[in-house]
Amino acid sequence: MLDLKYVVANLDEVRNRLAGRGKIEALDKVTDLAARRSATIQELEELRRRQNEANAEMKRLVAEKGPQSTEFIEKRNQQKEQSEKTKDLEKALRDIEDELQNLMLNIPNLPHATTPIGKDENDNPTIRKHLEPRALDFTPQLHDDLGVKLDILDFERAAKLSGARFTVLKGNGARLERALINFMLDIHTREHGYTEILPPFLVTRKTLTGTGQLPKFEEDLFKTFATERELFLIPTAEVPLTNLYAEEIVAAETLPLRLCAYTPCFRSEAGSYGKDTRGYIRQHQFNKVELVHICRPEDSYNELELLTSNAEEILKRLEIPYRV
């Protein structure tokens with residue numbers, strides 16, 4: 001989440017930098033709510049200051065004139081009125097802060113100054129390429145048709161078990177998936193220096209808010225109702241990995257922390273944003289190996305480039321053509 005003080009103090013800059021991501025309606029309300037929040041806090045502080053003075057005055061009146069004196073009773077009644085007003089202001093402040101928090105959670109991150117603005121993926125500049133897609137001397141088959149013919153993918157039985165957009169991997173299909181997961185984890189842990197994590201696959205609302213999935217993407221998540229606790233199936237291992245050190249002070253000398261994890265991932269609306277919905281693409285459940293670096297802010301771009309190169313190494317060894 002962006003820093004509220006920064007957004008309010010630099011509203012025009014924030015608006016301009018986010019212009020390429022479309023109109024951010026939340027920005028229009030943030031300044032007004034921030035001003036109301038500030039005014040309410042000032043009013044509360046002044047009210048509490050007067051209450052403290054009144055409490056001191058009441059102690060003096062009790063000592064000098066007794067608890068039944070007219071002056072003391074009047075002051076006590078005034079304090080009751082002030083106390084009710086304080087409660088009302090405290091509730092108003094909570095409501096403002098809740099609305100402000102929700103708005104701030106819906107404002108996306110600021111793109112880097114070097115990020116190009118374009119209409120679609122065709123406006124993305126290619127920075128580098130590795131290999132070229134192979135020229136085939138035959139007509140390729142769709143992966144899902146081929147997987148069914150090889151008896152390594154079974155969509156019909158998956159649908160029987162769980163409904164649409166699930167797949168059963170069989171025989172060599174299951175072996176290949178397991179082998180790829182181990183291949184990636186072994187390279188990242190043995191050669192790239194990552195610490196392997198096996199996190200829980202169910203997390204709390206607070207955890208998902210920590211990585212920005214909530215409140216924006218709640219409809220994309222699978223939520224469980226089996227227990228009194230509210231838990232969600234993770235949409236990516238990024239969620240538990242990033243929150244692993246939440247609300248902790250990490251010793252500077254231990255940074256950077258480089259973590260990797262294999263997890264299944266669950267997305268209820270997979271495919272609603274893309275055209276590739278056939279076969280083994282855009283599934284409700286899929287497996288992924290995730291990389292996360294926790295580092296000093298000043299090192300973040302170097303760490304991002306390192307993380308990217310680590311991911312690219314997997315594609316290079318598998319001889320898969322790709323572009324960045």
Original post:
If only atom types and distance count, is the side chain of Gln283 paired as donor or acceptor with the main-chain N or O of Thr167 below 3.5 Å?
Top reply: yes
Original post:
Can Arg60 and Glu57 be counted as an ion pair, charged N to O under 4.0 angstrom?
Top reply: yes
**OP:** State whether Glu45 and Arg49 are salt-bridged, where the test is any N-O pair (Lys NZ or Arg NE/NH1/NH2 against Asp/Glu carboxylate O) under 4.0 Å.
**Re:** no
Original post:
Tell me, do Leu255 and Ile294 make a side-chain contact under 4.5 Å, heavy atoms counted?
Top reply: yes
Original post:
Does Asp154 use its side chain to pair, donor to acceptor, with the backbone of Arg157 at less than 3.5 Å?
Top reply: yes
Subject >> Polar side-chain atom of Ser83 near backbone of Lys80 as donor-acceptor pair, under 3.5 Å >> reply: no
Original post:
Under 4.0 Å between a Lys/Arg side-chain N and an Asp/Glu carboxylate O for Lys149 and Asp145?
Top reply: no
Original post:
Do Thr224 and Leu202 come close enough that some side-chain heavy atom pair is under 4.5 Å?
Top reply: yes
Original post:
Would you find more than 12 non-hydrogen atoms of other residues, nucleotides or ligands less than 6.0 Å from Glu319 atom CD?
Top reply: no
Original post:
Where the side chain of Arg267 meets the backbone of Asp220, is there a donor-acceptor pair that is under 3.5 Å apart?
Top reply: no
Subject >> Arg128 bridged to Glu312 by N-O distance under 4.0 Å >> reply: yes
Original post:
Is the count of non-hydrogen atoms from other residues, nucleotides or ligands lying under 6.0 Å from Glu247 atom CD greater than 12?
Top reply: no
Original post:
Taking 4.0 angstrom as the limit, do Lys160 and Glu156 come out as a salt bridge?
Top reply: no
Original post:
Does one side chain, of Glu290 or Thr236, offer a donor that lies under 3.5 Å from an acceptor on the other?
Top reply: yes
**OP:** Assess whether atom NZ of Lys216 is packed by more than 12 heavy atoms of other residues, nucleotides or ligands within 6.0 Å.
**Re:** yes
Original post:
Of all heavy-atom pairs between Val7 and Met104, which one has the smallest distance, and what is that distance?
Top reply: CG2-CE, 3.8 Å
Original post:
Which heavy-atom pair separates Phe155 from Phe166 by the least distance, and what is that distance?
Top reply: CD2-O, 4.1 Å
Subject >> Nearest atoms (heavy-atom pairs only) where Thr211 meets Glu238 >> reply: CG2-O, 4.1 Å
Original post:
Is the shortest heavy-atom distance from the side chain of Glu230 to the side chain of Thr204 under 4.5 Å?
Top reply: no
Subject >> Test: Arg317 and Glu313 ion pair at under 4.0 Å >> reply: yes
Original post:
Quick check: does any side chain N or O of His130 sit under 3.5 Å from a backbone N or O of Pro321, one acting as donor and the other as acceptor?
Top reply: no
Original post:
What's the shortest heavy-atom distance between Pro240 and Ala237, and which atoms?
Top reply: CD-O, 3.2 Å
Original post:
Taking the side chain as C-beta and beyond, is there a heavy-atom pair between Ile234 and Thr263 under 4.5 Å?
Top reply: yes
Original post:
Salt bridge check: are Glu90 and Arg48 linked by an N-O gap of less than 4.0 Å?
Top reply: yes
Original post:
Is the backbone N or O of Gln82 less than 3.5 Å from a side-chain atom of Thr86, with the two atoms forming a donor-acceptor pair by type?
Top reply: yes
**OP:** Grab the two heavy atoms, one from Val30 and one from Leu100, that are nearest each other, plus how far apart they are.
**Re:** O-CD1, 4.0 Å
Subject >> For Leu153 against Leu169, the heavy-atom pair lying closest together >> reply: CD2-CG, 4.1 Å
Original post:
Do Glu43 and Lys85 have side-chain heavy atoms sitting under 4.5 Å apart?
Top reply: yes
Original post:
Near Arg50 CZ, under 6.0 Å, is it more than 12 heavy atoms from other residues, nucleotides or ligands?
Top reply: yes
**OP:** Ignoring hydrogens and angles, tell me if any N or O in the side chain of Ser309 forms a donor-acceptor pair with the backbone of Leu306 under 3.5 Å.
**Re:** yes
Original post:
Hey, does Asp98 have a side-chain heavy atom less than 4.5 Å from the side chain of Asn102?
Top reply: no
Original post:
Side chain of Arg17, backbone of Pro111: donor and acceptor closer than 3.5 Å?
Top reply: yes
Original post:
Given the rule in the salt bridge (Lys or Arg N to Asp or Glu O under 4.0 Å) test, do Asp123 and Lys119 qualify, once you have shown the distances and angles that lead to the verdict?
Top reply: CA-CA 7 Å; Asp123 293 323; Lys119 294 180 181 179; over 6 Å; no
Original post:
Can you check whether Asp12's main-chain N or O pairs, donor with acceptor, with Asn16's side chain at less than 3.5 Å?
Top reply: yes
Subject >> Mutual orientation of the aromatic rings belonging to His188 and His192 [parallel < 30°, tilted 30-60°, perpendicular > 60°] >> reply: tilted
**OP:** Using modelled atom types only, decide if a donor and an acceptor are shared between the side chain of Thr189 and the backbone of Thr195 within a distance under 3.5 Å.
**Re:** no
**OP:** If the plane angle is over 60° it's perpendicular, under 30° parallel, otherwise tilted; pick one for Phe266 and Phe222.
**Re:** perpendicular
Subject >> Any side-chain heavy-atom pair of Arg258 and Glu303 under 4.5 Å >> reply: yes
Original post:
Would a hydrophobic clustering, with Ile, Leu, Val, Met, Phe, Trp and Tyr connected at side-chain separations under 4.5 Å, put Leu241 with Leu208?
Top reply: no
